[in-house]
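Read through the structure below, which is laid out as structure tokens, and then see the notes.
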Amino acid sequence: MKELRLILGDQLNINHSWFTEVDSQIVYLMMEVKSEATRSPIHAQKLLGTFAAMRYFSAQLVERGHQVEYLKIDESDNQQSFSGNLEHQCQYHSAHSFFWQEPDSHYVDRELSRFLKNSGLPGGSVSSEHFYEERDSLELFMEKKKSWRMESWYRHLRVKHDVLMSDAKPLGGGWNFDKENRKSWRGEPRPDAFVRPSHDHSQLWDEIVHSGIATFGNPSADNFQWPISREESLAQLESFCETNLRHFGDYQDAMSVKHETLFHSLLSFSLNTKLISPKEVVDRVIGGLTEDFENIASIEGFTRQILGWREYIRGIYWAKMPEYLTSNEFSFTRKLPKWYWTGEVGMNCLSVTIKQSLSTGYAHHIQRLMIVGNFSLLAGLNPHDVHLWYLGIYIDALEWVEAPNTIGMSQYADGGVLATKPYVSSSAYIDRMSDYCKGCRYSRKEKNNEKSCPFDTLYWDFLSSQRKTFDKNPRMAMMLKNLDRKPDEERVAISSHAKLLREGIEQL
Ligand SMILES: Cc1cc2nc3c(=O)[nH]c(=O)nc-3n(C[C@H](O)[C@H](O)[C@H](O)COP(=O)(O)OP(=O)(O)OC[C@H]3O[C@@H](n4cnc5c(N)ncnc54)[C@H](O)[C@@H]3O)c2cc1C
Ligand code: SF4
């Protein structure tokens, strides 16, 4: 008779208190299952990275003396679902109890609770010991507040966890140095090539192909560059802090054809699989603060992403699920064009971003928000389909963090729970923050014709057609004022050209 403990594929926290002592009466269960791998079309690198990291983690546990039952994707007794395998394994090990770490996904949470109830076994969940806050902390904090803004939550956490604070005041004289964080990048300074791993996962790739799971994107099986262990993740964190962190603040919104990742950390996969914790990342980053706070803008900007945004997004997810996934404020129903899966589109900004995403499983925040997300919203794509696309393509995409970012922040489909206004722009923003427009078939100088930039027509048409929704939103006042300045003939031209663009979306 054994105690069965489940470790999910995104719970690779070797410092969890579960592992402090070896106990021969405990069996740890890990499984690669098709029910998870086929929820949405999935990027090959996402599957490879997850399975490789899980296998490495399981080997580490075994090395430390723990008993691990690991079900590989192509094993004959793998039932290919959580509950199927749990039933089988509970019987096999004559389990007298069943425990798991709190899942980050709502549906897995439900599935495991249901399984426990049906099995009649004693057991339950324990904390995953990863986040700063509990699942419901944000909801409790926002209980009496009119709107759920990230800024008040972030400041609350800065004080509560004593991060970048001194005598109850923010270090460096401000909570936020955002104004210093909005530069475009014109080739200088050059990002340093910081330490990234390289793996040959060809054998694992063969197993995945053999299992019949359909994937897309470049597997890069013989030169896989994402960290799959805690050691590799820490090495990457260290290298990032020593090199590109110093320019993170200045260029976090910049995009360029000359450099895909610029000054970003590429740590989201390591964080989301819990190979490293948000606290150790924030502590390491803040450890580099100079005495005169000269680098505070980058350090605060980076801290805000993790202590602020990441914890806030998680709180939104748990407060608003499961209804959140089907939010559709504008009732948009258009299907994703086929080129979302190939990048073969004449709009250079989209082509570069999608091809990069297919090739690496990565695009940085502004590419996700202001290129693909911006276009998806302006074109009226179905937000649930957009969500599934993001969930499949990015190496770091797990529902709890991807869905609020996509459905809320980028598509405004939640009607403004998360964002005070939709993140939409014309080509002016894209041209200011990138060099994409120079190599584009479309021109920013033309207006509402077959040569003109589709972003411009679609932007004005979106504002015009959704005007009633935004009339009372003070953050939209300037955009609407600019719309009102347009003469009637131009508005007619915008509306008819936008219709053509949406109907001809496959040919863009
Ligand atoms: C439409 C859309 C979808 C997104 N989907 C995901 C997703 O599936 N998984 C995911 O981890 N992030 C997602 N993000 C947030 C952000 O784009 C990624 O966290 C970031 O690009 C990861 O790259 P990085 O590690 O180089 O980040 P950096 O720019 O170096 O930032 C450091 C860390 O801050 C955290 N962070 C930054 N912004 C956010 C945010 N908005 N929400 C949560 N954490 C944040 C991440 O953990 C990230 O690793 C999405 C953003 C948008 C607009
Ligand atoms: S001109 Fe328009 S479509 Fe082309 S890259 Fe610029 S913003 Fe994108």
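Remember, it's 1-based here, ligands and their atoms both numbered in the order they're listed.
For a distance bound of 2.8 Å, the N, O or S atoms of C440 include one lying that close to atom 4 (Fe) of ligand 2.
The nearest protein atom to atom 2 (Fe) of ligand 2, hydrogens excluded, is given as C453 SG, 2.3 Å; this is a heavy-atom distance. Closest protein heavy atom to atom 12 (N) of ligand 1: V401 CG2, 3.7 Å. The protein heavy atom nearest to atom 1 (C) of ligand 1 is Y390 CE2, 3.5 Å. The shortest contact between atom 22 (C) of ligand 1 and any protein heavy atom is with S268 OG, 3.3 Å. I306 CG1, 3.7 Å is the protein heavy atom nearest to atom 33 (C) of ligand 1. Taking atom 3 (S) of ligand 2 as the reference point, the nearest protein heavy-atom neighbour is M347 CB, 3.6 Å. In terms of protein heavy-atom proximity, atom 35 (C) of ligand 1 is nearest to Q305 O, 3.7 Å. Nearest protein heavy-atom neighbour of atom 27 (O) of ligand 1: S265 OG, 4.1 Å. The protein heavy-atom contact nearest to atom 2 (C) of ligand 1 is N405 CB, 3.7 Å. Here the heavy atom of the protein found nearest to atom 6 (Fe) of ligand 2 is C437 SG, 2.3 Å. Protein heavy atom closest to atom 8 (Fe) of ligand 2, with residue, atom name and distance, is C349 SG, 2.4 Å. With respect to atom 11 (O) of ligand 1, the closest heavy atom belonging to the protein is N272 ND2, 2.8 Å.
No side-chain N or O of S327 forms a donor-acceptor pair with one of D414 less than 3.5 Å apart. Counting only N and O atoms by type, the side chains of Y442 and S427 include no donor and acceptor under 3.5 Å apart. In this structure, a donor-acceptor pair under 3.5 Å is present between the side chains of Y317 and E399. Under the 3.5 Å distance criterion, with hydrogens and angles disregarded, a donor-acceptor pair is assigned to the side chains of R310 and N272.
Between Y362 and ligand 1, an N or O atom pair is found at a separation short of 3.5 Å. On a distance-only criterion, T406 and ligand 1 share no N/O pair closer than 3.5 Å. The shortest N/O to N/O separation between I313 and ligand 1 does not fall below 3.5 Å. At least one N or O atom of D396 sits closer than 3.5 Å to an N or O atom of ligand 1.
Within ligand 2, the atoms closer than 4.0 Å to a non-hydrogen atom of S427 are 7 (S), numbered from 1 in the order shown. Heavy-atom proximity to L369, at under 4.0 Å, picks out these atoms of ligand 1: 53 (C). Near L267, meaning under 4.0 Å from any of its heavy atoms, are these atoms of ligand 1: 25 (O), 49 (O). Every atom of ligand 1 is numbered from 1 in the order shown, and the set under 4.0 Å from a heavy atom of L266 is 24 (P), 25 (O), 26 (O).
Residue-ligand proximity: F302 is placed with a non-hydrogen atom under 4.0 Å from ligand 1. Contact analysis puts F248 in contact with ligand 1, with a non-hydrogen atom separation below 4.0 angstrom.
In this structure, Y340 and F375 have tilted ring planes: the angle between them lies in the 30° to 60° band. Between Y132 and H161, the two ring planes are perpendicular [angle over 60°; tilted spans 30° to 60°].
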Exercise. For side-chain contact (heavy atoms from CB on, under 4.5 Å), just list the numbers for L48 and I208, CA-CA rounded to whole Å, side-chain angles, deciding distance to a tenth of an Å, and then say yes or no.
Key: CA-CA 8 Å; L48 264 176; I208 289 173; 4.0 Å; yes
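Side-chain contact between F455 and R444 is absent, with no heavy atoms from C-beta onward closer than 4.5 Å. With contacts defined as side-chain heavy-atom distances shorter than 4.5 Å, the pair H387/L325 qualifies. Taking 4.5 Å as the limit, every side-chain heavy atom of W318 sits out of range of all side-chain heavy atoms of D136.
Proximity of a side-chain donor or acceptor of Y394 to a complementary backbone N or O of H43 within less than 3.5 Å is not detected.
Among V285, L271, I366, the residue whose heavy atom lies nearest to atom 47 (O) of ligand 1 is L271. The closest non-hydrogen atom to atom 1 (S) of ligand 2, taken over F375, Y442, Y436, Y429, comes from Y442.
Seen from the ring of W148, K320 counts as a face-on cation partner, given the 6.0 Å and 45° thresholds. Geometric assessment of R314 against the ring of F131 yields a positive cation-pi assignment under the 6.0 Å and 45° thresholds.
The two atoms that bring N449 and H497 nearest to each other are O-NE2, 3.1 Å, heavy atoms only. Nearest heavy-atom pair, V285 versus L245, reported as atom, atom and distance to 0.1 Å: CG1-CD2, 3.9 Å.
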